[in-house]
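Have a look at the structure below, then the notes.
Within every chain, numbering begins at 1; the chains are lettered A, B, ... in the order of the sequence lines, protein sequences first and strands thereafter.
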Amino acid sequence: DTGVSQNPRHKITKRGQNVTFRCDPISEHNRLYWYRQTLGQGPEFLTYFQNEAQLEKSRLLSDRFSAERPKGSFSTLEIQRTEQGDSAMYLCASSTTGAPEQYFGPGTRLTVT
Amino acid sequence: AQSVTQLGSHVSVSEGALVLLRCNYSSSVPPYLFWYVQYPNQGLQLLLKYTTGATLVKGINGFEAEFKKSETSFHLTKPSAHMSDAAEYFCAVNPRAGGTSYGKLTFGQGTILTVHP
């Protein structure tokens, strides 16, 4: 069990640029989640997948955000035309179907300048 | 809608003292309950969970939590604090319906635990 991995760990970008993050879940987990955490706050849910299907999206996920999980394994989260308000830690988690606990990766810290 | 309240954004204890971090939830049906720990610039690590059965659950690093339905609480305790316990702790809930879990976790605001020598 290698755990959930995320790349890159840190990303600094200029406002208006596009960024993409990758998450590799625990290998036997078919559910994958994205959360966003800003300083001093708990993580907030963005979206989740069961296998390839995106089952729920938060209203926090504006049109500039898109997530994919094309083969039911790794997932990508893309943010287009980044804004300073997008600066946050983006966390990925995975779980098995019907198991309520989720296992988190180390996160990608995005800084938009 | 589910909500989680953690009383006290900062808790400070001396090494060897009791740790008590408070968590209350709001839900019509008792949810699945979790405590996670986060060290600086890292992801969240699962400390313990309550799903069913015994209401006192034990986790890693000597932590335990008790589910009290009547109080809608799930407070985290540790009898004797260690310097390495200094971190931020999050209480989280996952709603249950018909015995299956839903996707998203709802987190509290977090409690930063400081341990003094």
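Atom OG of A/Ser73 and atom CG of A/Asn30 lie 12.0 Å apart (nearest 0.5 Å). Between the OH atom of B/Tyr36 and the NZ atom of B/Lys49 there is a distance of 9.5 Å, given to the nearest 0.5 Å.
Taken together through direct or relayed side-chain contacts under 4.5 Å among Ile, Leu, Val, Met, Phe, Trp and Tyr, B/Trp35 and B/Tyr32 form parts of separate hydrophobic clusters. Taken together through direct or relayed side-chain contacts under 4.5 Å among Ile, Leu, Val, Met, Phe, Trp and Tyr, A/Leu39 and B/Tyr39 form parts of separate hydrophobic clusters.
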List the steps, then state whether side-chain contact (heavy atoms from CB on, under 4.5 Å) holds for A/Tyr103 with B/Leu46.
-> CA-CA 7 Å; A/Tyr103 296 89; B/Leu46 180 65; 4.1 Å; yes
CA sep, side-chain torsions, deciding dist, call: B/Thr106, B/Tyr25, side-chain hydrogen bond (donor to acceptor under 3.5 Å, both in side chains) | CA-CA 10 Å; B/Thr106 300; B/Tyr25 66 89; over 6 Å; no
Just do the side-chain contact (heavy atoms from CB on, under 4.5 Å) check on A/Leu60 and A/Phe65 with the steps written out, would you?
-> CA-CA 9 Å; A/Leu60 291 176; A/Phe65 287 69; over 6 Å; no
Go through A/Tyr35 and A/Gln102 one step at a time and tell me if the side-chain contact (heavy atoms from CB on, under 4.5 Å) criterion holds.
-> CA-CA 12 Å; A/Tyr35 293 84; A/Gln102 298 174 17; 2.8 Å; yes
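Heavy-atom distances place the side chain of A/Gln37, and not its backbone, under 4.5 Å from chain B. Both the backbone and the side chain of B/Leu44 come within less than 4.5 Å of a heavy atom in chain A. Within the 4.5 angstrom heavy-atom criterion, atoms from both the backbone and the side chain of A/Glu101 approach chain B. Contact annotation for B/Gln109: both backbone and side-chain heavy atoms come within less than 4.5 Å of a heavy atom of chain A.
Using a distance-only test at 3.5 Å, with no hydrogens or angles considered, no donor-acceptor pair links the side chain of A/Thr47 to the main chain of A/Trp34.
Chain A is approached within less than 4.5 Å, heavy atom to heavy atom, by no residue from residues 61-68 of chain B. For residues 6-23 of chain B, heavy-atom neighbours of chain A at less than 4.5 Å comprise no residues at all.
A/Tyr90 and A/Phe21 have tilted rings, their planes meeting at an angle from 30° to 60° on a 0 to 90° scale.
Heavy atoms from other residues, nucleotides or ligands lying under 6.0 Å from CD of A/Glu68 number 12 at most. More than 12 heavy atoms of other residues, nucleotides or ligands sit less than 6.0 Å from atom CZ of A/Arg64.
Highest contact tally toward chain A, considering only B/Gln38, B/Glu88, B/Gln45, is held by B/Gln38 [criterion: heavy-atom pairs under 4.5 Å].
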